[in-house]
Amino acid sequence: MSKSFSSIEEAFAWYLENIYKSLPADEKKGELVIAWRNFTHKQGISQKKMISILKRFGFDVNISVTYKK
């Protein structure tokens, strides 16, 4: 299955809804639960942290910035 996202935040929200929720309880601790809490409650999580977690779960993250004059 291939799915594309328009932002890191959109991909992370999808990850939380579709992958994180289905993880066994013993995996939902430490860094992952802190990231879930920070993102869900809008307490702030860096894109670097989100990218690190997404890559760990099989996401291929490429950032593209385009300037069109």
Applied to residues 18-30, the side-chain hydrogen bond (donor to acceptor under 3.5 Å, both in side chains) test, sequence neighbours excluded, yields Glu17-Lys21

With sequence neighbours left out, the residues meeting salt bridge (Lys or Arg N to Asp or Glu O under 4.0 Å) with Lys42 are none

Contacts of Lys49 meeting salt bridge (Lys or Arg N to Asp or Glu O under 4.0 Å) (sequence neighbours excluded), chain-then-number -> Glu31

What distance separates [X] [atom1] from [Y] [atom2], expressed to the nearest 0.5 Å?
X: Ile45; Y: Arg37; atom1: CD1; atom2: CZ; answer: 11.5 Å
X: Asn38; Y: Met50; atom1: CG; atom2: CE; answer: 10.5 Å
X: Glu10; Y: Ser4; atom1: CD; atom2: OG; answer: 9.5 Å
X: Ile8; Y: Ile63; atom1: CD1; atom2: CD1; answer: 5.0 Å
X: Leu32; Y: Leu23; atom1: CG; atom2: CG; answer: 7.0 Å

For Ile53 and Ala35 the tightest heavy-atom approach is CD1-CB, 3.5 Å

With sequence neighbours left out, the residues meeting ring-ring contact (aromatic ring centres under 6.0 Å, His included) with Tyr15 are Phe12, Phe57

Residues passing the side-chain hydrogen bond (donor to acceptor under 3.5 Å, both in side chains) test with Thr40, sequence neighbours excluded, are Trp36

The side-chain hydrogen bond (donor to acceptor under 3.5 Å, both in side chains) partners of Gln43 (sequence neighbours excluded) come to none

Parallel, tilted or perpendicular: which fits the ring planes of Phe5 and Trp14, with parallel below 30° and perpendicular above 60°? tilted

